[in-house]
Peer 1: 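Dumping the structure here so I can ask a few things about it.
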Amino acid sequence: MVRLERLRADHAPALLAFERENRAYFARTVPDRGDAYFARFAAHHAARLAEQETGGIHFHVVLDDDGDGNGASGRLIGRVNLVDVERGTAELGYRIAERAAGRGVATAAVAALCRLAATTYGLTSLTARTTLDNPASRTVLERNGFVFAEHTTVGDRPGVRYERELLALDRGQNMRG
């Protein structure tokens, strides 16, 4: 259904188009990135790639499986990220295109990133935040094993912070051994 790819330089045009196309949709439930983000996108993208090389963040694009049948990637329909990676934990964030909403894309992408967090990045726990007026995002997190930790703010909006332990099962290990 979906495929994650670690963020690369050549994702820039599709990622910028995705952010522009969905800006108003995202602003309904998360703080807007602001005009400066779009005006300086190339520099921002390059800085994120450099930071990713340090291991402090792990950005991924979400692609649908509608490639051309000749090995070309599908369309970029989202992004899932791990930020503030430190001491075995990170904060998860994601954005899914409006045209892909309600199809299980966010749930599948978050599940895939949780597996990557445990297996590839060696993390043991994740946190995530969402606004109270975004029940779809809360549902995605809860379906992926995140549990309520506390009330918080996201930007200037009331929100909820969730936590999830990444178990041996997430790391592909048998729970008995």
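Bear in mind that the values here come from a model prediction, so they are computed numbers and not experimental data. Hydrogens, waters and symmetry mates play no part in the numbers below; they use all other heavy atoms, side chains included.
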Peer 1: Is there a side chain to side chain contact (heavy atoms under 4.5 Å, CB included) between Tyr121 and Leu116 once you walk through the steps?
Peer 2: CA-CA 6 Å; Tyr121 306 129; Leu116 276 175; 4.2 Å; yes
Peer 1: Distance check, rounded to the nearest 0.5 Å: Leu16 atom CG versus His11 atom NE2?
Peer 2: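 Here the rounded value is 14.0 Å.
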Peer 1: Counting N and O atoms only, with roles assigned by atom type, does the side chain of Asn81 sit under 3.5 Å from a partner on the main chain of Ile57, one being a donor and the other an acceptor?
Peer 2: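 Checking the backbone N and O of Ile57 against the side chain of Asn81, no donor-acceptor pair under 3.5 Å is found.
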Peer 1: Please check if Val154 and Leu132 belong to a single hydrophobic cluster, counting links between Ile, Leu, Val, Met, Phe, Trp and Tyr side chain heavy atoms closer than 4.5 Å.
Peer 2: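 No, it is not one cluster - the side chains of Val154 and Leu132 are not joined through contacts under 4.5 Å.
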Peer 1: Given side chains that start at C-beta, do those of Tyr37 and His44 come closer than 4.5 Å, heavy atoms only?
Peer 2: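 Yes; the side chains approach each other to less than 4.5 Å.
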Peer 1: CZ/Arg28 to OH/Tyr25 distance, rounded to the nearest 0.5 angstrom?
Peer 2: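 Those atoms lie 7.0 Å apart.
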Peer 1: Are any of the side-chain heavy atoms of Val2 and Leu63 separated by less than 4.5 Å?
Peer 2: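 Side-chain contact under 4.5 Å: no.
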Peer 1: Whether Arg129 and Glu150 form a salt bridge (side-chain N of Lys/Arg under 4.0 Å from carboxylate O of Asp/Glu) is what I want to check.
Peer 2: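 No, Glu150 and Arg129 are not salt-bridged.
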Peer 1: Using every non-hydrogen atom in the two residues, find where Leu166 and Ala117 come nearest and quote the distance to one decimal.
Peer 2: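 Closest approach of Leu166 to Ala117, heavy atoms only: CD1-CB, 3.8 Å.
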Peer 1: Please verify the inter-ring angle class for His45 with Phe41; under 30° counts as parallel, over 60° as perpendicular, anything in between as tilted.
Peer 2: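 Correct class here is parallel.
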Peer 1: Do His58 and Gln52 have side-chain N/O donor and acceptor atoms under 3.5 Å apart?
Peer 2: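 His58 vs Gln52: no donor-acceptor pair found between side chains.
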Peer 1: Would you call Arg23-Glu21 a salt bridge at under 4.0 Å N-O?
Peer 2: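 Looking at Glu21 together with Arg23, the answer is no, because their closest N to O distance does not fall below 4.0 Å.
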Peer 1: For the residue pair Tyr94 and Ser137, confirm or rule out a side-chain donor-acceptor distance under 3.5 Å.
Peer 2: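 There is such a pair (donor and acceptor under 3.5 Å, judged by atom type) between the side chains of Tyr94 and Ser137.
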Peer 1: Please tell me if the side chains of Arg164 and Val147 come closer than 4.5 Å, counting only heavy atoms from C-beta onward.
Peer 2: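 Contact flag for Arg164/Val147 side chains = no.
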Peer 1: Any side-chain heavy atom of Leu82 within less than 4.5 Å of one from Leu123?
Peer 2: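 Yes; the side chains approach each other to less than 4.5 Å.
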Peer 1: Assess the residue pair Arg138 and Phe146 against the criterion (side chain to side chain contact (heavy atoms under 4.5 Å, CB included)); give the C-alpha distance rounded to whole Å, side-chain angles, the decisive distance to 0.1 Å, and a yes or no.
Peer 2: CA-CA 9 Å; Arg138 293 196 323 266; Phe146 284 82; over 6 Å; no
Peer 1: Both conditions, 6.0 Å and 45 degrees, for the charged tip of Arg79 above the ring of Phe18: are they met here?
Peer 2: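 Checked: cation-pi criterion not met.
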Peer 1: I'd like to know if the side chain of Asp84 and the backbone of Ala90 have a donor-acceptor N/O pair within less than 3.5 Å.
Peer 2: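 No; judged by distance alone, with no hydrogens or angles, the pair does not exist.
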Peer 1: Counting C-beta onward and ignoring hydrogens, is there a side-chain heavy-atom pair between Leu92 and Val110 closer than 4.5 Å?
Peer 2: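 Yes. Closest side-chain heavy atoms under 4.5 Å.
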Peer 1: Does Thr124 reach the main-chain N or O of Gly88 with its side chain, forming a donor-acceptor pair under 3.5 Å?
Peer 2: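 Yes.
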Peer 1: Kindly give the heavy-atom pair with the smallest separation between Gly74 and Arg3, and that separation in Å.
Peer 2: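 Looking at all heavy atoms of both residues, the closest pair is N-NH2, 3.3 Å.
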Peer 1: Any idea which heavy atoms bring Ala112 and Leu4 closest together, and the distance?
Peer 2: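 Between these two residues, the closest heavy atoms are CB-CD1, 3.7 Å.
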Peer 1: Flag the pair Ile77 / Val105 as yes when at least one side-chain heavy-atom distance between them is below 4.5 Å, and no otherwise.
Peer 2: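 A side-chain contact exists here, since the closest heavy-atom pair is under 4.5 Å.
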Peer 1: Test the Arg95-Phe26 pair against the cation-pi criterion, namely NZ or CZ under 6.0 angstrom from the six-membered ring centroid and within 45° of the ring axis.
Peer 2: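 Output yes; distance and angle both within limits.
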Peer 1: Are Glu53 and Leu49 close enough that some pair of their side-chain heavy atoms sits under 4.5 Å apart?
Peer 2: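 Glu53 does not reach Leu49 side chain to side chain.
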Peer 1: Please lay out, stage by stage, how Val160 and Thr152 fare under the test side chain to side chain contact (heavy atoms under 4.5 Å, CB included).
Peer 2: CA-CA 5 Å; Val160 179; Thr152 188; 5.7 Å; no
Peer 1: Please indicate whether Asp10 has more than 12 foreign heavy atoms, meaning atoms of other residues, nucleotides or ligands, lying under 6.0 Å from its CG.
Peer 2: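 Yes, because the 6.0 Å sphere around CG of Asp10 holds more than 12 heavy atoms from other groups.
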Peer 1: Mind checking the CD-OG1 spacing from Glu91 to Thr89? Nearest 0.5 Å is all I need.
Peer 2: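 Between Glu91 CD and Thr89 OG1, I get 9.0 Å after rounding to 0.5 Å.
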Peer 1: So, the side chain of Asn22 versus the backbone of Ala97: is there a donor-acceptor pair under 3.5 Å, distance only?
Peer 2: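 No; judged by distance alone, with no hydrogens or angles, the pair does not exist.
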Peer 1: Testing the basics here: between Val62 and Ala109, what is the closest heavy-atom pair and its distance to 0.1 Å?
Peer 2: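 That closest heavy-atom pairing would be CG2-CB, 3.9 Å.
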Peer 1: Would you check if Glu163 and Leu126 make a side-chain contact, meaning some heavy-atom pair closer than 4.5 Å?
Peer 2: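 They are not in contact (no side-chain heavy atoms under 4.5 Å apart), so the answer is no.
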Peer 1: Between Arg103 and Arg99, what is the shortest heavy-atom contact and its length?
Peer 2: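 The answer is NH1-O, 3.3 Å.
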Peer 1: With a cut-off of 6.0 Å (strictly less than), are more than 12 heavy atoms of other residues, nucleotides or ligands near CZ of Arg143?
Peer 2: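 No, the 6.0 Å shell around CZ holds no more than 12 heavy atoms from other groups.
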Peer 1: Using atom types as modelled and distance alone, determine if a side-chain donor or acceptor of Thr131 lies under 3.5 Å from a backbone N or O of Val30.
Peer 2: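 Here the side-chain-to-backbone pair does not exist.
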Peer 1: Is the backbone of Ala27 close enough, under 3.5 Å, to the side chain of Asp32 for a donor and an acceptor to pair up by distance?
Peer 2: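 Not a single qualifying donor-acceptor pair exists.
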Peer 1: So, Thr54 side chain and Glu51 main chain: donor-acceptor pair closer than 3.5 Å or not?
Peer 2: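 It does hold such a pair.
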Peer 1: Please enumerate all residues that pass side chain to side chain donor-acceptor pair (under 3.5 Å) together with Asn134, with sequence neighbours excluded.
Peer 2: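 By the side chain to side chain donor-acceptor pair (under 3.5 Å) rule, Asn134 matches Thr29.
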Peer 1: For a side chain to side chain contact (heavy atoms under 4.5 Å, CB included) check, start with the C-alpha distance between His60 and Leu7, then their side-chain angles and the critical distance, and finish with the verdict.
Peer 2: CA-CA 5 Å; His60 301 81; Leu7 186 66; over 6 Å; no
Peer 1: Report, as yes or no, whether the 6.0 Å neighbourhood of atom CZ on Arg40 holds more than 12 heavy atoms from other residues, nucleotides or ligands.
Peer 2: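 Result for CZ/Arg40: open.
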